Amino acid sequence: MTDASPALRPYVGRFAPSPSGPLHAGSIATALGSWLDARAHGGRWLVRIEDIDPPREQTGAAQAILNTLQRLGLHWDDTPLRQSAHLDRFEHALRSLEAGGQVYPCGCTRREIADSQSSGSAGGALHAERPYPGTCRAGLAPGRQARAWRLRVAPGVVQFNDRCLGSQAQEVSREVGDFVVRRADGLWAYQLAVVIDDAAQGVTDVVRGADLLGSTARQLLLTRTLGLPEPRYMHLPVVLAADGHKLSKQNGALAVDDQPPLLVLGQAMTHLGKHLGFDAPQISGAPPLQNWLAQATETWARRFGILRAF
Ligand code: GLU
């Protein structure tokens with residue numbers, strides 16, 4: 001373990017898509033922002049395929065994602081890592097948390113948790129904002145089978161500085177409660193896997209969509225509990241569909257591979273610039289992709305005050 005702050009370690013960024021479908025305008029804006037930040041810092045940019053949830057996976061999506069990144073000129077360093085190839089890392093982390101008494105087995109079903117929460121709101125599904133009531137915290141009731149594993153969350157506010165959004169704070173114990181690190185279906189929870197792999201890959205800077213902002217405090221808690229180095233975070237504005245919802249295949253994400261790469265990148269950069277306060281480099285005159293990306297990197301470096309000494 002190292003205490004070195006991310007600014008003192010050589011920059012390593014990453015793009016970590018789940019292969020649940022092809023990239024869409026939203027995930028491309030995230031990929032572009034993360035790539036630009038790495039290149040503006042003269043850092044490395046890794047791609048990690050987060051394929052630990054087979055039921056949500058779409059056959060061929062991982063390769064399609066890599067092909068799209070290539071086509072857009074968003075080249076990566078090293079060989080892309082598939083999370084499924086390193087499941088032993090997660091097992092090892094769980095065992096160490098268990099040895100420290102920081103996780104416990106939980107026998108609750110989703111329905112039991114939902115029923116125990118005194119909310120009359122519609123839907124019935126367990127909502128992330130309703131905290132786990134801690135039913136199994138002091139041990140499984142007699143006759144109950146362990147289903148999931150949860151992290152024991154102590155009271156206290158988790159604070160961090162987001163490079164886009166500024167100071168953030170969440171009281172995980174009150175807002176989320178003890179959260180799942182290994183799911184009842186035996187699969188690894190995203191929260192655990194992302195923390196372990198970011199540390200294993202030496203990631204110093206997590207640049208991703210603001211839809212994941214609500215997970216960051218949980219990930220920091222796990223990072224701290226495991227004694228791993230903390231990355232810096234930058235959450236980028238998400239691209240919304242015309243109906244105001246998050247873009248997804250269901251609400252009409254356009255097939256980006258059918259459009260010219262410069263147009264796709266130009267739209268992503270315009271979206272980022274609109275929210276973050278910069279102008280995207282022109283795509284008129286069809287500049288070579290590499291020239292446009294170099295200009296975009298300059299724009300990014302200027303906007304975020306990144307000194308470019310290389
Ligand atoms: N795999 C996650 C997703 O595709 C992103 C993980 C992350 O960037 O932390 O939504």
Side-chain angles (χ1 to χ4, degrees), residues 6 12-38 44-58 61-66 68-69 74 76 80-87 89-90 93 128 158 160 162-165 168 170 179-181 183 187-223 226 228-241 245-251 253 256 268 272:
V12 180
R14 52 54 155 195
F15 176 55
S18 304
S20 52
L23 295 180
H24 52 63
S27 37
I28 286 178
T30 301
L32 177 63
S34 153
W35 186 91
L36 289 173
D37 200 52
R44 288 161 67 226
W45 190 66
L46 310 178
V47 173
R48 182 173 70 231
I49 303 293
E50 301 211 318
D51 57 347
I52 51 167
D53 194 350
R56 288 190 55 228
E57 202 165 311
Q58 194 188 86
Q63 193 54 50
I65 289 170
L66 296 176
T68 302
L69 293 174
L74 303 180
W76 55 82
L81 177 99
R82 284 174 185 259
Q83 271 190 323
S84 60
H86 300 276
L87 297 179
R89 284 181 190 164
F90 313 137
V158 179
F160 63 98
D162 184 276
R163 288 177 51 217
C164 267
L165 304 170
Q168 304 290 314
Q170 188 184 41
F179 59 89
V180 170
V181 290
R183 296 167 21 178
L187 297 176
W188 294 101
Y190 155 66
Q191 308 294 356
L192 179 79
V194 75
V195 161
I196 298 301
D197 277 346
D198 279 340
Q201 295 188 283
V203 169
T204 58
D205 287 78
V206 171
V207 179
R208 62 186 178 190
D211 51 320
L212 291 168
L213 184 66
S215 287
T216 306
R218 266 172 281 174
Q219 292 168 16
L220 271 171
L221 262 185
L222 267 172
T223 302
L226 288 161
L228 299 170
E230 291 179 24
R232 295 193 296 182
Y233 289 95
M234 184 181 216
H235 288 90
L236 302 174
V238 292
V239 176
L240 297 178
H245 290 100
K246 209 188 137 189
L247 262 195
S248 67
K249 278 161 280 155
Q250 287 71 30
N251 61 15
V256 292
L272 293 170

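Everything numeric in this text was worked out from a predicted model, so none of it was measured. Just so you know, ligand 1 is whichever comes first in the structure, and atom 1 is the first atom listed for that ligand.
The protein atom (non-hydrogen) at minimum distance from atom 3 (C) of ligand 1 is Ser18 OG, 3.5 Å. Looking from atom 8 (O) of ligand 1 to the surrounding protein, the closest heavy atom is Arg14 NH1, 2.7 Å. Counting only heavy atoms of the protein, atom 5 (C) of ligand 1 lies nearest to Ala16 O, 3.3 Å.
The Arg208 neighbourhood of ligand 1 comprises atoms 7 (C), 8 (O), 9 (O), with distances under 4.0 Å to a heavy atom of that residue. Within ligand 1, the atoms closer than 4.0 Å to a non-hydrogen atom of Val194 are 9 (O), numbered from 1 in the order shown. The atoms of ligand 1 that sit less than 4.0 Å from any heavy atom of Glu50 are 1 (N), 2 (C), 5 (C), 6 (C). Listed by number with element, the atoms of ligand 1 under 4.0 Å from a non-hydrogen atom of Tyr190 are 6 (C), 7 (C), 9 (O).
In this structure, Phe15 does not count as a contact residue of ligand 1, since none of its heavy atoms falls inside 4.0 Å of the ligand.
The existence of a salt bridge linking Asp205 and Arg14 is excluded, since no basic side-chain nitrogen approaches an acidic carboxylate oxygen closer than 4.0 Å.
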Give the C-alpha distance, both sets of side-chain angles, the deciding distance and a yes or no for side chain to side chain donor-acceptor pair (under 3.5 Å) between Glu57 and Ser20.
CA-CA 4 Å; Glu57 202 165 311; Ser20 52; over 6 Å; no
CA sep, side-chain torsions, deciding dist, call: Asp197, Leu81, side-chain contact (heavy atoms from CB on, under 4.5 Å):
CA-CA 9 Å; Asp197 277 346; Leu81 177 99; 4.0 Å; yes
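With 3.5 Å as the limit, one finds a donor-acceptor pair spanning the side chains of Gln201 and Arg48.
Applying the side chain to side chain donor-acceptor pair (under 3.5 Å) rule to Thr216 yields the partners Arg208, His235; only residues at least two apart in sequence or on another chain are considered.
Relative orientation of the Phe15 and Trp45 rings is parallel, given thresholds of 30° and 60° on the angle between their planes.
Between Gln219 and Tyr233 the shortest side-chain heavy-atom distance falls below 4.5 Å.
Under 4.0 angstrom from ligand 1, there are no non-hydrogen atoms of Val206.
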